[in-house]
Amino acid sequence: MKSEPDAFGLEDLKSRPKQTEPWDGVRNYQARNFMRDRMKVGDQVFFYHSNCKVPGIVGIAKVASKPYPDPTQFDPDSKYYDPKSDPDEPRWTLIDVKFVRDLKRTLSLAEIKDHADALGDFALVRKGNRLSIMPVSESQWDYLLGLENQ
DNA sequence: GCCAACGTTGGC
DNA sequence: GCCAACGTTGGC
């Protein structure tokens, strides 16, 4: 899961009460579908910092709730307000994310790209990818975590 | 349903 | 700050 550290970084998640935060504001259908259809409570996720000095994976979090409607879609004062969303059939769902741990070091995007061959078809290193949430296979997960100790 | 215009993402 | 790569919007 990508986040801009200037807006909400891993440190922010860590300092939240219960170290948990609703992942609101996702307004991309593909990303929403990953949260809604693929993520299960307890699943681990990589926390990725984007749009910053050294973009890359900085830590691990986990899914802490089932999918539920994103309240910001109904809040006219929110920048994520979506007037087209029907309260009886909310368009946007989210899950809560809970801090697990920092990585010992940042796995920078540049480094991850160096391992693109070993990672196979990994959404993050596909050209032009702007998805904020993307799947990681078990083998990709293990491989990336293995880099942490190198 | 097509597609040009526009807005956003995010690396560099 | 630039700009490539997308996704979305809206006129037709």
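What you see is a predicted model, and the numbers here were worked out from it, not measured in a lab.
- The shortest non-hydrogen separation linking A:L94 to A:P71 is CD2-CD, 4.1 Å.
- Of the two residues near DNA chain C, A:N51 and A:R126, the one whose nearest nucleotide lies more 5' is A:N51.
- Of all nucleotides listed (C:dT8, B:dG11, C:dA5), B:dG11 comes nearest to the side chain of A:P55.
- Of the side-chain N and O atoms in A:K2, none sit less than 4.0 angstrom from OP1 or OP2 of B:dT8.
- Here the P atom of nucleotide C:dG7 and the CZ atom of A:R32 are 15 Å apart, to the nearest Å.
- No contact: A:L124 has no heavy atom under 4.0 Å from any strand.
- With rounding to whole Å, A:W92 atom CH2 is found 11 Å from C:dG7 atom C1'.
- If you take CG of A:L131 and C1' of C:dG7, they are 11 Å apart, rounded to a whole angstrom.
- Taking atom CZ on A:R130 and atom C1' on C:dA4, their separation rounds to 10 Å, with Å as the unit.
- Tested against A:Q140, the residues A:L124, A:L119, A:I112 include a single side chain to side chain contact (heavy atoms under 4.5 Å, CB included) partner, A:L119.
- Side chain to side chain, A:S85 and A:Q73 meet the donor-acceptor criterion of an N or O pair below 3.5 Å.
- Spacing between atom CE of A:M1 and atom P of B:dT9 amounts to 16 Å, rounded to whole angstrom units.
- As a whole-Å value, the separation of A:I112 CD1 from B:dG11 P is 10 Å.
- Ion pairing between A:D96 and A:K66 fails under the 4.0 Å rule for side-chain N and carboxylate O.
- Nucleic acid contact for A:K113: sugar-phosphate only, since backbone atoms but no base atoms lie under 4.0 Å from a heavy atom of the residue.
- Distances shorter than 4.0 Å separate none of the side-chain N or O atoms of A:K127 from OP1 or OP2 on C:dA4.
- Comparing B:dG11, B:dG10, C:dT9 by their nearest atom to the side chain of A:K84 picks out C:dT9.
- Taking a cutoff of 4.0 Å between a charged side-chain nitrogen and a carboxylate oxygen, A:E11 and A:R16 do not qualify as a salt bridge.
- At least one side-chain nitrogen or oxygen of A:Y48 sits closer than 4.0 Å to the OP1 or OP2 atom of B:dG11.
- The separation between A:E111 atom CD and B:dC12 atom C1' is 18 Å, rounded to whole Å.
- Between the CG atom of A:N129 and the P atom of C:dA4 there is a distance of 18 Å, given to the nearest Å.
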